[in-house]
S.K.: 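The following block contains the structure, expressed as structure tokens.
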Amino acid sequence: MAKADPWSVMKVSFLLSIALGICTVVASAVLWMVMDAMGVFSTVGATISDATGSTASNGFDLQAFLSLPRVLMFTSVIAVIDVVLATALATLGAFIYNLAAGFVGGVELTLAEDE
């Protein structure tokens, strides 16, 4: 393989990054719902209130802090950053590969047919 076209690398990495971002958001939503159904947030919130000695009126409300919309917003921001960085890094990698392939001739691939 003597050359990787940076434009095609950018398109493919963008689509794969979008798919990974969607999977990340869906997985975080499912994980949050499972943890909420198991009562993890209320149990940890009660433990924090007991440890700090605060009452429910002025204490730290973990369930309100880690609400589903807030978690999904944070996950979406991370997914968008991941899409931009992964696309840029893959494209930069294609440019660097093309420079290196110019010096050493590229990667030799041997393909075999199934008979």
Side-chain angles (χ1 to χ4, degrees):
M1 191 166 113
K3 183 180 177 218
D5 183 36
W7 179 248
S8 65
V9 169
M10 186 184 77
K11 291 188 291 187
V12 169
S13 66
F14 178 72
L15 289 177
L16 291 175
S17 298
I18 290 287
L20 181 66
I22 291 170
C23 289
T24 302
V25 171
V26 169
S28 66
V30 169
L31 182 63
W32 188 91
M33 288 179 202
V34 168
M35 289 176 66
D36 188 47
M38 290 173 50
V40 171
F41 299 121
S42 59
T43 304
V44 172
T47 303
I48 290 173
S49 294
D50 290 343
T52 58
S54 61
T55 62
S57 62
N58 63 1
F60 179 71
D61 189 11
L62 182 68
Q63 204 159 10
F65 183 73
L66 292 178
S67 63
L68 182 60
R70 185 177 288 199
V71 169
L72 289 181
M73 181 62 70
F74 178 74
T75 306
S76 299
V77 167
I78 296 297
V80 167
I81 292 170
D82 178 49
V83 166
V84 171
L85 286 178
T87 303
L89 287 174
T91 307
L92 181 64
F95 279 114
I96 291 172
Y97 175 79
N98 288 338
L99 286 173
F103 291 124
V104 297
V107 176
E108 184 177 332
L109 297 174
T110 304
L111 303 174
E113 287 186 32
D114 289 335
E115 293 181 41

S.K.: Check for me, please, whether Val9 and Leu16 land in the same ILVMFWY cluster - side-chain distances under 4.5 Å, paths through other members count.
M.R.: no
S.K.: Look at the side-chain heavy atoms of Ile, Leu, Val, Met, Phe, Trp and Tyr, link any pair under 4.5 Å apart, and say whether Trp32 and Val34 land in one connected group.
M.R.: yes
S.K.: Examine Leu92 and Phe103 and state if one hydrophobic cluster contains both, with Ile, Leu, Val, Met, Phe, Trp and Tyr joined whenever side-chain heavy atoms are less than 4.5 Å apart.
M.R.: no
S.K.: Check the hydrophobic clustering (I, L, V, M, F, W, Y; side-chain heavy atoms under 4.5 Å; chains of links allowed) and say if Met10 and Leu85 are grouped together.
M.R.: no
S.K.: If you look only at distance, which donor and acceptor atoms sit under 3.5 Å apart when one is on a side chain in residues 64-82 and the other is two or more places apart or in another chain?
M.R.:
unit_1 : atom_1 : unit_2 : atom_2 : d
Thr75  : OG1    : Ser28  : OG     : 3.4
Thr75  : OG1    : Val71  : O      : 2.8
Ser76  : OG     : Leu72  : O      : 2.7

S.K.: Rounded at 0.5 Å granularity, tell me how far CD1 in Ile18 sits from OG in Ser13.
M.R.: 10.5 Å
S.K.: Between Val12 and Trp7, is there shared hydrophobic-cluster membership here, with clusters defined by ILVMFWY side-chain heavy atoms closer than 4.5 Å?
M.R.: no
S.K.: Just one of Thr43, Val44, Asp36 clears the side-chain contact (heavy atoms from CB on, under 4.5 Å) bar with Val40, so which one?
M.R.: Val44
S.K.: Take a 6.0 Å sphere around CZ of Phe14 and say whether it holds more than 12 heavy atoms from other residues, nucleotides or ligands.
M.R.: no
S.K.: Donor-acceptor check, side chain of Thr87 to backbone of Val84, threshold 3.5 angstrom: yes or no?
M.R.: no
S.K.: Short question: side chain of Asn98, backbone of Ala4 - any donor-acceptor pair under 3.5 Å?
M.R.: yes
S.K.: Can you name the nearest heavy-atom pair linking Ala94 to Pro6, along with the distance?
M.R.: CB-CA, 4.0 Å
